[in-house]
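Read the structure below first, then the notes.
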2 protein chains.
Amino acid sequence: MKVEMICTGEEVLSGQIIDTNAAWVANELMSLGIEMQYRTTVGDRLEDLVEVFKYRSQYADVIIVNGGLGPTSDDMSALAMAKAKGEELVENAVWRDHLESWFTKNGRVMAKSNLKQALLPASAVMVDNPVGTACGFRVKLNNAWLFFTPGVPFELKHMFKEQFVPFIQAEFGKGENTQLYKLLTIGHGESSLADTLSALTLPTGIELGYRSSMPHIEIKIFARGNSAIKQLPKVVEEVKSVLGHAVVADNKATLAEEIHHRLYQSGFSLAVAESCTGGMITSQLIDFPGSSSYLQHGLVTYSNESKVKVLGVSPQILDDHGAVSIQTVEAMAEGARALLDNDFALATSGIAGPDGGTDEKPVGTVAIALSTKQGVYSQMIKLPRRSRSLVRSMSAAVAYDMLRRALLDEAVIVDYPSIGRFSK
Amino acid sequence: MKVEMICTGEEVLSGQIIDTNAAWVANELMSLGIEMQYRTTVGDRLEDLVEVFKYRSQYADVIIVNGGLGPTSDDMSALAMAKAKGEELVENAVWRDHLESWFTKNGRVMAKSNLKQALLPASAVMVDNPVGTACGFRVKLNNAWLFFTPGVPFELKHMFKEQFVPFIQAEFGKGENTQLYKLLTIGHGESSLADTLSALTLPTGIELGYRSSMPHIEIKIFARGNSAIKQLPKVVEEVKSVLGHAVVADNKATLAEEIHHRLYQSGFSLAVAESCTGGMITSQLIDFPGSSSYLQHGLVTYSNESKVKVLGVSPQILDDHGAVSIQTVEAMAEGARALLDNDFALATSGIAGPDGGTDEKPVGTVAIALSTKQGVYSQMIKLPRRSRSLVRSMSAAVAYDMLRRALLDEAVIVDYPSIGRFSK
């Protein structure tokens with residue numbers, strides 16, 4: 001089944017709003033094993049709408065049309081569909097009644113313009129919208145069923161789940177089973193990952209995809225059909241074994257999510273002392289509800305004075321070794337952990353740029369330490385100096401990964417592809 | 001000039017990532033006075049790409065093609081363009097040299113797959129990419145120039161500004177002069193802003209647009225033509241006077257940027273003590289290079305123990321009033337400011353949800369304080385409880401605005417539309 005989407009509305013086309021409906025629909029389809037094949041976004045111009053309905057209906061089996069069902073003059077999806085089909089708009093008595101009782105129930109007087117929302121193309125099958133005044137409908141044109149949905153996300157979601165999914169399943173059957181497995185990596189570029197993995201022979205029905213979401217590249221391992229799904233765990237293991245330390249999480253969107261998942265209600269507690277990452281580690285963890293079960297504080301000691309005063313770093317260490325050094329970052333981690341006697345503390349100190357680098361410690365030099373009840377682990381790494389935010393987010397990722405490895409009782413310090421390290 | 005966009009890539013089509021590039025390009029075009037007319041999003045299927053290039057090039061004058069210039073097998077924009085045009089791919093020697101020196105400069109070995117990035121359609125004009133390995137190019141097909149840009153947002157932005165804009169201006173002329181003024185607001189919904197501003201009579205050539213970028217709604221005041229541009233300052237003042245305290249910044253993307261701009265090299269110093277905002281305030285400021293000139297530390301004291309130990313909040317205050325209270329947040333701000341004798345300190349403590357609310361202090365209750373050398377200002381507000389991240393980002397916005405108003409010597413505590421407040 002070829003499914004497409006047509007998004008309408010000047011505000012989506014002109015970038016006034018970002019089209020989250022399109023992404024939501026595509027994700028829902030994927031979870032049903034259906035791939036979105038094509039998407040067209042058009043503004044509020046009648047001739048463009050008519051043209052796109054006529055044109056895409058030659059190729060698709062089903063087209064989800066989103067938006068343009070409102071009462072105002074720039075809402076013209078029904079009119080455009082009628083023109084594309086060469087038929088009249090006809091008032092739908094059921095929807096007119098529905099509108100009138102909707103307004104009565106909500107204690108409002110119906111504006112004349114709302115009656116427009118009951119006008120459907122003559123051959124349309126009405127599709128109920130239990131949560132709004134915009135009437136959905138579907139029309140067959142050329143090869144395709146065009147299924148018209150409201151632009152309001154809440155209304156779209158109801159109609160999609162309650163009306164669209166049963167419709168396509170009745171019309172086209174359930175389709176092949178699919179499954180998606182995601183691996184999160186650090187320290188590899190997209191092309192270097194693809195090169196490394198091109199050596200693998202993949203079973204039929206399994207495909208690899210890559211998505212850059214810095215500081216990570218996500219590998220998507222997609223299996224289509226029951227035989228491919230059965231092979232998926234084996235392929236996942238092969239990919240992991242080829243990539244080694246570069247794989248840092250399974251089916252998680254970020255390393256922060258992985259750490260949250262491992263620490264939440266584990267009984268372990270964490271303190272964070274951040275300099276160059278500047279609150280990023282702390283803030284990403286606190287994004288998750290329940291993080292208060294393990295995270296007691298995150299101290300962003302950006303100045304040397306604060307490192308001394310808040311974390312108890314000795315001024316001598318700062319004088320002798322500088323703020324960006326193994327010695328300082330170890331003292332930061334130990335100081336942060338000692339304050340509330342936590343199980344773990346992470347500390348970062350580095351040169352995020354664009355200024356502040358020296359020959360000895362260029363922009364991208366970052367010291368990271370993990371303090372535990374058993375001892376302190378630290379490393380000073382060289383990150384690509386491409387941007388301040390990349391240095392910060394990669395520092396956070398390496399810090400998270402040190403903690404992740406400690407929680408798994410694995411070696412805390414490991415080599416990542418393309419991340420260099422200073423000797424102590 | 002009819003400008004369209006073709007976005008490529010399975011990850012955009014399938015909703016794995018939301019297409020922010022499309023919105024960014026449309027916004028940039030609008031600021032040049034050019035309307036985006038049509039957008040097609042296709043996956044990594046060669047025949048779909050070939051078809052869409054052939055088809056849309058009959059209608060558009062210029063098509064910005066985004067993505068598919070990478071080194072992997074699912075990057076096929078150049079190949080598709082060559083097929084659409086009926087010509088071969090040819091290695092571009094200039095780009096091959098560029099690639100080799102790029103990898104050498106970055107101390108990396110070029111993967112074989114990268115050579116693919118130097119293959120362009122025979123009739124293509126190379127377009128430089130100073131910040132990446134993906135080569136841009138443009139090709140004329142039917143009525144249109146197709147202009148190929150990389151999918152990496154950072155690279156796209158460089159190429160758009162440095163290459164695309166000069167190209168269309170040389171090819172199609174400058175068009176009418178336009179000017180865009182942006183106001184950042186808090187506490188108003190998009191429709192309530194539009195309703196409030198519908199009372200204004202706008203001069204010909206001036207249009208208002210709205211963009212939701214939570215916790216803000218941005219108002220774009222767009223002037224087309226010299227006469228409208230002359231009227232723009234007057235319209236900006238009218239809008240500000242109608243909206244009052246809801247307007248919190250002029251021509252800034254975020255309130256954090258506004259605060260950074262005001263504090264940077266001002267001689268004033270800032271400390272931050274965060275609970276519910278969890279590092280968001282600190283982290284957003286540290287995003288800006290140079291923030292170390294005023295920000296000495298940001299202490300995310302998430303637990304009560306940390307508030308006592310790090311900030312010196314009295315356990316009695318926490319016992320008597322709770323962590324989310326005017327008394328606690330004032331003690332947090334004063335404690336944070338006193339540690340290094342800073343000029344200002346911001347503190348937040350609230351219930352971000354989804355759990356943790358009570359009848360007396362429901363989810364969305366947030367206490368915020370600003371400590372200055374002259375005294376402490378505080379308020380306890382009621383935020384919409386729609387999501388954890390919205391509660392946190394709106395809390396940060398109100399905190400920033402208190403500091404902004406103090407820096408301007410204006411009343412620190414003011415009413416914002418749709419944000420409620422508890423009496424002390």
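FYI, side chains are in, hydrogens and waters are out, and symmetry mates aren't considered; it's all heavy atoms of this structure. Naming convention: chains lettered A, B, ... in sequence-line order (proteins, then strands); numbering from 1 in each chain.
Between Glu10(B) and Lys220(A) no salt bridge is recorded (no basic side-chain N to carboxylate O distance below 4.0 Å). A salt bridge between Glu51(A) and Arg56(B) is present, with a side-chain N of the basic residue lying under 4.0 Å from a carboxylate O of the acidic one.
For Ser113(B), the parts sitting under 4.5 Å from any heavy atom of chain A are the backbone and the side chain alike. When heavy atoms are compared at a cutoff of 4.5 Å, Asp287(B) approaches chain A by way of both its backbone and its side chain. Both the backbone and the side chain of Val52(B) come within contact range of chain A, judged by heavy atoms closer than 4.5 Å. Proximity to chain A is limited to the side chain of Glu35(B), based on heavy atoms less than 4.5 angstrom apart. At a 4.5 Å heavy-atom cutoff, the contact between Ser291(B) and chain A is made by backbone and side-chain atoms alike. Proximity to chain A is limited to the backbone of Lys112(B), based on heavy atoms less than 4.5 angstrom apart. Only the side chain of Leu340(B) comes within contact range of chain A, judged by heavy atoms closer than 4.5 Å. The parts of Ala111(B) that come within reach of chain A are both its backbone and its side chain, each placing non-hydrogen atoms under 4.5 angstrom from that chain.
Taking NE2 of His297(A) as the start and CD of Glu274(B) as the end, the distance is 14.5 Å to the nearest 0.5 Å. The line from CZ of Phe154(B) to OG of Ser389(A) is 9.0 Å long, rounded to the nearest 0.5 Å. For the atom pair OG (Ser303(A)) and OH (Tyr294(B)), the distance works out to 13.5 Å, reported to the nearest 0.5 Å.
Across Pro71(B), Ser292(B), Pro289(B), Gly290(B), the residue that shares the most heavy-atom pairs under 4.5 angstrom with chain A is Pro289(B). When each of Thr301(A), Asp195(A), Leu193(A), Ile281(A) is scored by its heavy-atom pairs under 4.5 Å with chain B, the top score falls to Asp195(A). Between chain A and the options Lys309(B), Glu28(B), Glu4(B), the largest number of non-hydrogen pairs under 4.5 Å is found for Lys309(B). Per-residue counts of heavy-atom pairs under 4.5 Å with chain A were compared for Phe288(B), Trp24(B), Tyr59(B); the largest is that of Phe288(B). Chain A forms more heavy-atom pairs under 4.5 Å with one residue of Arg45(B), Met36(B), Met5(B) than with any other, namely Arg45(B). Across Gly420(A), Gly298(A), Ala352(A), Ala273(A), the residue that shares the most heavy-atom pairs under 4.5 angstrom with chain B is Gly298(A). If you tally non-hydrogen atom pairs under 4.5 Å between each of Gly279(B), Gly356(B), Gly278(B), Gly353(B) and chain A, the highest count goes to Gly278(B).
Nearest heavy atoms, Glu305(A) versus Gln296(B): OE1-NE2, 4.2 Å. When all heavy atoms are compared, the tightest approach of Gln37(B) to Asp48(A) is O-OD2, 3.9 Å. Pairing each heavy atom of Tyr38(A) with each of Val42(B), the nearest pair is CE1-CG1, 3.4 Å. Cys276(B) and Ile286(A) get closest at one heavy-atom pair: O-CG2, 4.3 Å. In terms of heavy-atom proximity, Val310(B) sits nearest to Leu339(A) at CG2-CD1, 4.1 Å.
Among the candidates Leu299(A), Leu295(A), Thr282(A), the single residue satisfying the side chain to side chain contact (heavy atoms under 4.5 Å, CB included) test with Val300(B) is Thr282(A).
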Subject >> Check against side-chain contact (heavy atoms from CB on, under 4.5 Å), Ser283(A) and Gln284(B) >> reply: CA-CA 10 Å; Ser283(A) 181; Gln284(B) 286 174 354; over 6 Å; no

Original post:
How far apart are the C-alpha atoms of Cys7(B) and Arg39(A), what are their side-chain angles, what is the distance that settles it, and do they pass the side-chain contact (heavy atoms from CB on, under 4.5 Å) test?
Top reply: CA-CA 9 Å; Cys7(B) 300; Arg39(A) 182 166 70 234; over 6 Å; no

